J.: 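Supplied in structure tokens, the structure appears directly below.
The analysis underlying the following values was restricted to heavy atoms, covering all of them including side chains, and did not include hydrogens, waters or symmetry mates. Predicted, not measured: the structure shown is a model, and the values here were computed from it.
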Amino acid sequence: MSRFGATILAPLGPVLSEDEARFFAEARPFGFILFARNLDTAEQIRALCDDLRAAVGWHAPIFIDQEGGRVQRLRPPLATEFLPPLDEVMQAGPNAARAMELRYRLIAAELLALGIDGNCAPMLDVARPQTHAFLRNRCYGESLSQVVEMGKAATKGMVDGGVLPVMKHLPGHGLAQLDSHKDLPRIDAPRAELEEVDFAAFRPFADLPLAMTAHLVFEGLNTKPATIDPAMITLIRENIGFQGLLMTDDISMEALSGSIGARSAASIAAGCDLVLHCNGKMPEMEQAVGEAGLMTEAAQTRAEAALRTRTVPAEIDIAALRAEREALLAGHR
């Protein structure tokens, strides 16, 4: 398999332009990601996915953020409207793990029916009282054990549904009190707490094929955002033990500074395998592609291993799974 470009890119609108098709053919990104601006009708989404894959000449993975709750790009009538994850976990009580497995199995079915086969979940950040509102109710729990249990259930639902999971945000966003879309969070928790809670949440998932970094600084551990800090990427690899394909969070988020090109170069130099660029702006994509270059040999090996984990899901009775999930939520309510 020839070397992939070390990027995941996004089209600007609901229809792939000729310029984008040419650019993607040359850039050969590992995959694509879609946002609300790309989503109109089921037929249009399937056509866009087909066109993206045709541009690069193979069945490239296409990702989305479909957590349920505030962060779900697909809304009714295209997909089910779900509660925020933390709200669902609290409502389901002792039924929460099964409810979360069903939730993400249904999400996987809805995604795959549209041609989308990757989901940026599970989110394994542990919620705290001070966690910023942009993140808090997206979390799966307020304790390490709860997050791990719900993360396992969510992952099983996606994997069984033929959708690649992307765990996030390594090495842990739960203590952040700023929104990294707009500002750079700085976390001053002691190393012991990070080891026992935030880093520990990811260790049981170290064998997953794909993961995403966090744009934040742990005071005392690093001075640069984790995404562009070699020491933090080493921590992800050696302390947490993740050996899969590691992508940045969106490289255009305002937690990072400097040009898109400089950010992209810094993340690859730090040890990330892939630069994720999300806003679809061609001049920025050109910078990201130019500086990220082709995957390293190690990244290519991890990419090919991740692709081998894609599965064809068994047929399911969607109505029965919906009914079971509703009963679980109603039973505890």
J.: Flag yes if more than 12 heavy atoms outside Glu219 fall under 6.0 Å of its CD atom; otherwise flag no.
T.: yes
J.: Is there a side-chain contact between His215 and Pro185 (heavy atoms, below 4.5 Å)?
T.: no
J.: Working note: Arg46 + Asp51, criterion salt bridge (Lys or Arg N to Asp or Glu O under 4.0 Å); need CA distance, chi angles, decisive distance, verdict.
T.: CA-CA 9 Å; Arg46 284 190 286 267; Asp51 289 346; over 6 Å; no
J.: Is the distance from the ring center of Phe32 to that of His277 below 6.0 Å?
T.: no
J.: Answer yes if the side chains of Thr80 and Arg322 hold a donor-acceptor pair under 3.5 Å, and no otherwise.
T.: yes
J.: Does Leu48 reach the side chain of Gln44, with side-chain heavy atoms less than 4.5 Å apart?
T.: yes
J.: Would you check if Arg105 and Leu321 make a side-chain contact, meaning some heavy-atom pair closer than 4.5 Å?
T.: yes
J.: Between Glu20 (side chain only) and Leu16 (backbone N and O only), is there a donor and an acceptor less than 3.5 Å apart?
T.: no
J.: For Arg237 and Phe242, indicate whether the former's side chain and the latter's backbone hold a donor-acceptor pair under 3.5 Å.
T.: yes
J.: Going through the checks in order, is the side chain to side chain donor-acceptor pair (under 3.5 Å) test met by Asn239 and Glu195?
T.: CA-CA 9 Å; Asn239 179 314; Glu195 289 283 358; 2.8 Å; yes
J.: ring-ring contact (aromatic ring centres under 6.0 Å, His included) for His173 and Phe134? Distances and angles first, verdict last.
T.: CA-CA 11 Å; His173 223 307; Phe134 102 93; 5.7 Å; yes
J.: Quick check: do Leu135 and Ser180 have side-chain heavy atoms less than 4.5 Å from each other?
T.: no
J.: Just wondering, do Leu9 and Ile33 contact through their side chains at under 4.5 Å, heavy atoms?
T.: no
J.: Are Glu67 and Arg73 close enough, and set up right, to give a salt bridge (Lys or Arg N to Asp or Glu O under 4.0 Å), and what steps lead you there?
T.: CA-CA 9 Å; Glu67 299 172 7; Arg73 311 306 182 194; over 6 Å; no
J.: Within a strict 4.5 Å, meaning less than it, do heavy atoms of the Ile116 and Ile45 side chains meet?
T.: yes
J.: Is the shortest side-chain heavy-atom distance between Phe24 and Thr7 below 4.5 Å?
T.: no
J.: Within this structure, what is the CZ-CG distance for the pair Arg186 and Asn222, rounded to the nearest 0.5 Å?
T.: 8.5 Å
J.: Taking the basic N atoms (NZ, or NE/NH1/NH2) and the acidic carboxylate oxygens, is any pair closer than 4.0 Å for Arg53 and Asp117?
T.: yes
J.: Determine yes or no for a side-chain-to-main-chain donor-acceptor pair under 3.5 angstrom, with Gln72 supplying the side chain and Gly69 the backbone.
T.: yes
J.: Should Leu106 and Val89 be regarded as members of a common hydrophobic cluster, given that ILVMFWY residues are connected when their side-chain heavy atoms come within less than 4.5 Å of each other, either directly or indirectly?
T.: yes
J.: State whether the side chain of Thr248 and the backbone N or O of Leu276 hold a donor-acceptor pair below 3.5 Å, judged by distance alone.
T.: yes
J.: Under the side chain to side chain donor-acceptor pair (under 3.5 Å) rule, what do Ser17 and Asp19 come out as? Steps first, then yes or no, please.
T.: CA-CA 5 Å; Ser17 72; Asp19 285 346; 5.4 Å; no
J.: Closest heavy-atom contact between Ala97 and Ala153?
T.: O-CB, 3.2 Å
J.: Just checking, any donor-acceptor pair under 3.5 angstrom between side chains of Glu291 and Gln287?
T.: no
J.: For Glu284 versus Ser252, what's the shortest heavy-atom pair and its separation?
T.: OE1-CB, 3.9 Å
J.: Check Ala121 against Tyr104 and note the closest heavy-atom contact, atom names and distance.
T.: CB-CE2, 4.1 Å
J.: As a quick check of understanding, evaluate salt bridge (Lys or Arg N to Asp or Glu O under 4.0 Å) for Glu238 and Arg203, giving each step before the final call.
T.: CA-CA 10 Å; Glu238 296 182 1; Arg203 293 191 186 112; over 6 Å; no
J.: Name the residue from Glu88, Glu149, Glu324 that meets the salt bridge (Lys or Arg N to Asp or Glu O under 4.0 Å) definition with Arg98.
T.: Glu324
J.: Is the shortest distance from a Lys or Arg side-chain nitrogen in Lys281 or Glu286 to a carboxylate oxygen in the other one below 4.0 Å?
T.: no
J.: Please assess Val147 against Val197 for the test side-chain contact (heavy atoms from CB on, under 4.5 Å), listing each intermediate value before the final yes or no.
T.: CA-CA 10 Å; Val147 167; Val197 180; over 6 Å; no
J.: Has the side chain of Gln66 got a donor or acceptor atom that lies under 3.5 Å from a matching backbone atom of Leu74?
T.: yes
J.: Just by modelled atom types, is the Leu170 backbone N or O under 3.5 Å from a matching donor or acceptor in the Thr213 side chain?
T.: no
J.: Atom CG of Asp273 and atom OG1 of Thr301: how far apart are they, to the nearest 0.5 Å?
T.: 10.0 Å
J.: Look up atom CD1 in Ile62 and atom CD1 in Ile8, then write down how far apart they are to the nearest 0.5 Å.
T.: 11.0 Å
J.: Nearest 0.5 Å please: distance from the CD1 atom of Ile228 over to the CD1 atom of Ile233.
T.: 10.0 Å
J.: Can you tell me if Arg136 uses its side chain to pair, donor with acceptor, with the backbone of Arg128 under 3.5 Å?
T.: yes
J.: Which of parallel (below 30°), tilted (30 to 60°) and perpendicular (above 60°) describes Phe218 and Phe199?
T.: perpendicular
J.: Examine Lys152 relative to Phe205 and say whether NZ or CZ is less than 6.0 Å from the centre of the six-membered ring and inside a 45° cone about the ring axis.
T.: yes
J.: Which value, rounded to the nearest 0.5 Å, describes the distance between Asn95 atom CG and Met100 atom CE?
T.: 13.5 Å
J.: Under the 3.5 angstrom rule, does the side chain of Thr155 hit a backbone N or O of Gly151 as a donor-acceptor pair?
T.: yes
J.: What verdict does the salt bridge (Lys or Arg N to Asp or Glu O under 4.0 Å) test give for Asp65 and Lys168, after you've listed the backbone C-alpha separation in whole Å, the side-chain angles of each residue and the deciding distance to 0.1 Å?
T.: CA-CA 11 Å; Asp65 292 290; Lys168 60 189 185 186; 3.2 Å; yes
J.: Take Ser257 and Arg263 through the test side chain to side chain donor-acceptor pair (under 3.5 Å) and record every step on the way to the result.
T.: CA-CA 7 Å; Ser257 58; Arg263 300 175 191 190; over 6 Å; no
J.: Let me check something: do Leu274 and Phe35 share a hydrophobic cluster, defined by ILVMFWY side-chain heavy atoms less than 4.5 Å apart, either directly or through other members?
T.: yes
J.: Within the supplied structure, the quantity of interest is the number of heavy atoms (other residues, nucleotides, ligands) at a distance under 6.0 Å from Glu43 CD; does it exceed 12?
T.: no
J.: Apply side chain to side chain donor-acceptor pair (under 3.5 Å) to residues Glu304 and Gln300 and explain how you reach the verdict.
T.: CA-CA 6 Å; Glu304 292 175 9; Gln300 181 76 17; 3.0 Å; yes
J.: Please confirm whether the backbone N or O of Val275 pairs with a side-chain atom of Ser267, one donor and one acceptor, at under 3.5 Å?
T.: no
J.: Nearest 0.5 Å, what's the CG-OG1 distance between Leu164 and Thr309?
T.: 4.5 Å
J.: Does Pro11 offer a backbone N or O that forms a donor-acceptor pair with the side chain of Asn38 under 3.5 Å?
T.: yes
J.: Could you tell me whether the side chain of Asp198 reaches within less than 4.5 Å of the side chain of Pro171, counting heavy atoms only?
T.: no
